[in-house]
Amino acid sequence: MMTLDQPLTSAPANTGKTAISVRGLEKSYHGRPVLKGIDLDVRAGSIVTLMGKSGGGKSTLLRCLNLLEVPDTADMTVLGEQVFFSSRQVLHDLPALRRKIGMVFQKFLLFPHLTAFENITYPQTKVGGRSQAEAEERAVQLLDRVGLRHRGLAYPDQMSGGEQQRVAIARALAMNPQVLLFDEPTSALDPESTKDVLAVMKELAETGMTMVVVTHEVGFARDVSDWLVFMDQGLIAEQGDARQVLESPKNERTRAFLAA
Amino acid sequence: MFNVPWADYADDLVDGIIATLQYTVLGFVGAFILGLALALIRLSRFKVLRGLAAAYTELFKNIPLLAVIFLIYFGLATVDITLDVLSAGTLSLVAFYGAYLSEIFRSAISSVPTGQTEVSLALGFGRVSTLFSVILPQALRTALPGTNTMLVDLLKSTSLLITISAAELMTQAQLIASETFRALEVYLVIAVLYFAMCYPLSQFLLWLERRLAAGKPLGPGRRKRLQHAAALLESYSPAQKVNA
Ligand SMILES: Nc1ncnc2c1ncn2[C@@H]1O[C@H](COP(=O)(O)OP(=O)(O)OP(=O)(O)O)[C@@H](O)[C@H]1O
Ligand SMILES: [Mg+2]
């Protein structure tokens, strides 16, 4: 029996350990380089924002972190496990790794044939090793936490974008990930829904969840994130303390981007 | 007009109906499995197999079912592969309808957005469970109308098995007609019997399609789970946490 007072996440408090470490990540599509040597560290419990112009490689980098895209070369350690070394994938149980890394997509991507509630229970029972009863209990808690307990039996096409995205976040959280990746989670939303989703993400951040967030929301970057990574044409143009970078960007391109 | 002593033929008709349903069930189950296998092969990365599956599908889509039946029953016999009527009849239906179903399944599977695969991989599903637990349940919903059409069509096509005396309804009809010389009456009755099987079946399948489209649970298992979910969602109060 699961305890009822389980927190929204089981993420450890900010321990300062490195959750993700990437060195020399390169990736090209059909011979065209898209990532040209990325070095990135994500400390456990920190919130890292990725910003930059369209086509700069933000999504590709994010998707390399859970191996949805395979780098050409990289040294990559995720949650204490070496995943990639030089040009070889050294970790082979990808599903196990991915269960520890939740991902939230711009297009929500709920399972359209299942209700919100089932969207959250289904992965838990299918691949999360939970019983139906445990999964259901977790689903109710999470729906409540994202403010959608009353929408549990709705199908995705009956929900607004903001509601779908909050269910998607709950579904990812249900697997008890230690890291969450967000790829422009609010880009497809109206301002009102954007606020709701950002509120959920902010609350998550406060629980000590490790998050890597691709977003254009300068407000989120400034108020919530610890670290800002500015990407440009496959390279990290600038990275540093989020407020510092936003207030006094050193890189010319960062400045131009933020001024726009 | 009704001069055929139908009471005397009741047993024959019942046998015929049973045989027709038997061919329908066996043929459809086999065709479903074959169709799904062919569809998956055609969407796989094995180039040679893909080509073979495509060739098979095109072949059987472009020859008449009757030719398939004759080939399998009479044709194979000449090269010493003798099949009994049941096997030959079933095999013909499977071979023929498998090709059609594979087309329906293939387009249904390709119509599931690639994002569904990505999100399920990201959630920690493996390649195989992504296919079977996430993609196929969605694809089969899309494929349902086409599949249903094929099922009713298959039931009607079992009548072609008269050509190998399969003892299904049409074969029985011919026997009765030849004994009573009442072709009009006999075949009218037989037509009504086919209608009485096909119409409720297609109405039932339409009902299923509508329920599914409306998001209603089809099985008692899911219905129960959703009722349970409703109760849980209703009764949950975060305050419970305090005395947990
Ligand atoms: N699967 C793919 N095949 C070929 N090229 C790709 C693929 N995915 C991305 N690219 C290319 O890689 C480059 C980087 O794309 P990516 O999606 O990572 O950029 P991004 O920074 O996320 O942009 P956006 O802000 O528009 O989402 C782009 O030029 C894109 O066209
Ligand atoms: Mg992107």
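Sequence lines set the chain letters: A, B, ... in the order given, protein chains first and strands last, and positions in each chain run from 1. Keep in mind it's a predicted model, so treat the numbers as computed, not measured.
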State, to 0.1 Å, how close B:Ala230 and A:Leu153 come at their nearest heavy-atom pair, and which atoms those are.
-> CB-CD1, 3.5 Å

For each of B:Pro137, B:Ala229, B:Ser120, tally heavy-atom pairs with chain A at distances under 4.5 Å, and name the one with the top tally.
-> B:Ala229

Top contributor to chain B interface from A:Gln158, A:Lys126, A:Gln132, A:Glu136 [non-hydrogen pairs under 4.5 Å] | A:Glu136

Does atom CD of B:Glu58 have more than 12 heavy-atom neighbours from other groups under 6.0 Å away?
-> yes

Rounded to the nearest 0.5 Å, what's the gap from CZ on A:Phe117 to NE2 on B:His228? Could you check?
-> 7.0 Å

Do other residues, nucleotides or ligands put more than 12 heavy atoms under 6.0 Å from B:Arg211 CZ?
-> yes

Could you tell me whether a side-chain N or O of A:Glu118 sits under 3.5 Å from a main-chain N or O of B:Arg222, the two making a donor and an acceptor?
-> no

Stepwise side-chain contact (heavy atoms from CB on, under 4.5 Å) check, A:Gln141 with B:Tyr236 = CA-CA 8 Å; A:Gln141 287 172 356; B:Tyr236 178 84; 3.7 Å; yes

Whatever's closer than 4.5 Å to a heavy atom in chain B on A:Phe111 counts as both

Select one option (side chain, backbone, both, neither) describing which atoms of A:Leu67 are under 4.5 Å from chain B's heavy atoms.
-> neither

Chain B contacts, top residue of A:Met103, A:Arg99, A:Arg149 (heavy-atom pairs, under 4.5 Å) = A:Arg149

Would you call A:Pro95 and B:Phe125 a side-chain contact if the rule is heavy atoms closer than 4.5 Å?
-> no

Atom group of A:Leu68 that falls short of 4.5 Å from chain B, counting heavy atoms = side chain

Which bit of A:Thr115 is near chain B, if near means a heavy-atom gap under 4.5 Å: side chain, backbone, both or neither?
-> both

Which atoms of A:Arg63 approach chain B - backbone, side chain, both or neither, heavy atom under 4.5 Å | side chain

Begin with the C-alpha distance, continue with both residues' side-chain angles, and end with the deciding distance and a verdict on side-chain contact (heavy atoms from CB on, under 4.5 Å) for B:Leu233 and A:His150.
-> CA-CA 7 Å; B:Leu233 289 163; A:His150 62 296; over 6 Å; no

What part of B:Ser133 gets closer than 4.5 Å to chain A, counting heavy atoms only: side chain, backbone, both or neither?
-> both

Return yes if some donor-acceptor pair links the side-chain N/O of A:Tyr155 with the main-chain N/O of B:Gly215 below 3.5 Å, else return no.
-> yes

4.5 Å side-chain heavy-atom contact, A:Lys107 and B:Pro113 = no

Can you establish whether the number of heavy atoms outside A:Tyr29 located under 6.0 Å from its atom OH is more than 12?
-> yes

Side chain, backbone, both or neither: which part of A:Leu143 has a non-hydrogen atom closer than 4.5 Å to chain B?
-> side chain

So how far is it from A:Thr121 OG1 to B:Leu232 CG, rounded to the nearest 0.5 Å?
-> 10.5 Å

When B:Val119, B:Leu212, B:Leu226 are compared by non-hydrogen pairs under 4.5 Å with chain A, the top option = B:Val119

Rounded distance [0.5 Å steps], CG in B:Leu123 versus CZ in A:Arg98 = 10.5 Å

Is chain B contacted by the side chain of A:Leu97, its backbone, both, or neither, given a heavy-atom distance below 4.5 Å?
-> neither

Kindly compute the distance separating CG (A:Leu114) from CD (B:Gln138), expressed to the nearest 0.5 Å.
-> 7.5 Å

